[in-house]
Amino acid sequence: MEEEKEESVMVTPGEVLGIGRELKAGKGTYVASHDDTVYASLTGYRRIIPPAPDSSDQRPTVEVTGHKAHGPVPQPGSIVIARITKVMARSASAHIICVGPKSVREIFTGIIRQQDVRATEIDKVDMHQSFHPGDIVRALVLSLGDARAYLLSTAKNELGVVSAESTAGATMVPVSWTEMQCPLTGQIEHRKVAKMAS
């Protein structure tokens with residue numbers, strides 16, 4: 001009944017589960033390449049699955065299965081809605097608030113790197129003209145990065161800022177791919193604007 005005991009161990013994202021040379025990373029886990037450590041990528045129960053007798057790789061597999069009360073978890077390929085929290089010269093940080101149409105129940109952090117803001121003229125991207133703290137963006141999850149943050153991309157027409165507040169405190173209206181306008185003052189601000197479905 002070894003496996004039953006394993007299932008009762010609760011783990012959270014970023015928790016160390018073992019080292020890659022001794023364990024294979026299964027569902028709900030990932031291996032950080034720089035230190036060959038297996039981490040949990042979601043909150044749930046740890047489970048160790050023995051290798052198949054005929055498998056050439058005789059490492060057991062560790063997986064984390066979410067418990068029932070758990071909300072949606074971002075996965076590579078997911079479209080998420082996130083709120084920008086900080087903008088730096090080469091990246092922007094965000095809190096993921098929805099995965100697809102469902103709101104998340106815990107805080108997931110996302111990073112949009114300069115090279116993932118748009119598909120063209122990547123070297124000319126100015127992070128401060130693409131996002132401001134408080135902006136709501138639609139983004140694609142590329143992968144789970146090493147620092148417990150998901151790598152996000154807005155490098156498609158339909159991805160980018162979907163809602164932003166102007167300095168005057170009004171919700172701005174997109175006027176082009178790169179600009180939004182304050183309805184109160186008429187002031188134009190730069191953003192990486194998401195194309196709205198017409």
Tell me, please, which residues at least two apart from D57 pass side chain to side chain donor-acceptor pair (under 3.5 Å). R59
Does V162 share a hydrophobic cluster with V173, counting links as ILVMFWY side-chain heavy atoms below 4.5 Å and allowing steps through other members? no
Is V16 linked to V31 within one hydrophobic cluster, defined over Ile, Leu, Val, Met, Phe, Trp and Tyr using a side-chain heavy-atom separation of less than 4.5 Å? yes
Minimum heavy-atom separation for A155 and R118, please, with both atom names. CB-C, 3.5 Å
Enter the distance from D123:CG to E121:CD here, rounded to the nearest 0.5 Å. 7.5 Å
side-chain contact (heavy atoms from CB on, under 4.5 Å) evaluation trace for V141 with Q75: CA-CA 7 Å; V141 178; Q75 302 286 349; over 6 Å; no
In chain order, what residues pass the side chain to side chain donor-acceptor pair (under 3.5 Å) check against D35, with sequence neighbours excluded? T37, Y39
Any pair counted as salt bridge (Lys or Arg N to Asp or Glu O under 4.0 Å), so long as it reaches residues 131-145, sequence neighbours left out: D135-R191
Nearest heavy atoms of P72 and F108, plus distance in Å: O-CE1, 3.7 Å
Within the structure provided, determine whether P76 and L144 are in side-chain contact (heavy-atom separation under 4.5 Å). no
Quick one: does any side-chain atom of Q181 pair with a main-chain N or O of G186 as donor and acceptor, under 3.5 Å? yes
Going from CG on N157 to NZ on K192, what distance comes out if it is rounded to the nearest 0.5 angstrom? 6.5 Å
Sequence neighbours excluded, which residues qualify as ring-ring contact (aromatic ring centres under 6.0 Å, His included) partners of F131? none
Is there a side-chain contact between P51 and T61, using heavy atoms and a 4.5 Å cut-off? no
Would you mind listing the cluster partners of I188? Hydrophobic ones only (ILVMFWY), side-chain contacts under 4.5 Å, chaining allowed. V175
Point-to-point distance, once rounded to the nearest 0.5 Å, from NZ of K195 to NZ of K156: 13.5 Å
About how many Å separate NE2 of H128 and CE of M88, when rounded to the nearest 0.5 Å? 8.5 Å
Please give the remaining members of the hydrophobic cluster of I79, linking ILVMFWY side chains under 4.5 Å, ordered by chain and number. I111, L140, L142, L151, L159
Contacts of E165 that satisfy salt bridge (charged side-chain N to carboxylate O under 4.0 Å, His left out) - sequence neighbours left out: none
Indicate yes or no for a side-chain donor-acceptor contact from S166 to the backbone of A168 under 3.5 Å, with no hydrogens or angles considered. yes
Working for side-chain contact (heavy atoms from CB on, under 4.5 Å), residues L152 and D116: CA-CA 7 Å; L152 306 178; D116 298 323; over 6 Å; no
Sequence neighbours excluded, the answer for side chain to side chain donor-acceptor pair (under 3.5 Å) partners of K102 is none
Side chains of I81 and I136, heavy atoms from C-beta outward: is any pair under 4.5 Å? yes
Heavy-atom pair of closest approach, residues A25 and V38: CB-CG1, 4.0 Å
For S130 and V125 the tightest heavy-atom approach is OG-CG1, 3.9 Å
Distance-minimising heavy-atom pair for P174 and V193: CB-CG1, 3.6 Å
Residue pairs fulfilling side-chain hydrogen bond (donor to acceptor under 3.5 Å, both in side chains) with at least one residue in residues 10-24, sequence neighbours excluded: T12-E15
To the nearest 0.5 Å, how far apart are OG1 in T167 and CD in E189? 5.0 Å
Among T29, T65, L17, the one residue meeting side-chain contact (heavy atoms from CB on, under 4.5 Å) with R46: L17
Applying salt bridge (Lys or Arg N to Asp or Glu O under 4.0 Å) as the test, list every pair that has at least one member in residues 171-185; sequence neighbours left out. none
With no hydrogens and no angle check, is any side-chain donor or acceptor of S41 less than 3.5 Å from a backbone partner on P13? no
Kindly indicate whether the side chain of I48, heavy atoms from C-beta on, has any atom under 4.5 Å from the side chain of L23. yes
Enter the distance from D126:CG to T178:OG1 here, rounded to the nearest 0.5 Å. 12.0 Å
Kindly give the heavy-atom pair with the smallest separation between I84 and A92, and that separation in Å. CD1-CB, 4.4 Å
Qualifying residues under side chain to side chain donor-acceptor pair (under 3.5 Å), relative to R83, sequence neighbours excluded: none
Going by the rule side-chain contact (heavy atoms from CB on, under 4.5 Å), which residues pair with A52 if we only count those two or more places apart in sequence or in a different chain? D54, S55
Does M127 share a hydrophobic cluster with W177, counting links as ILVMFWY side-chain heavy atoms below 4.5 Å and allowing steps through other members? no
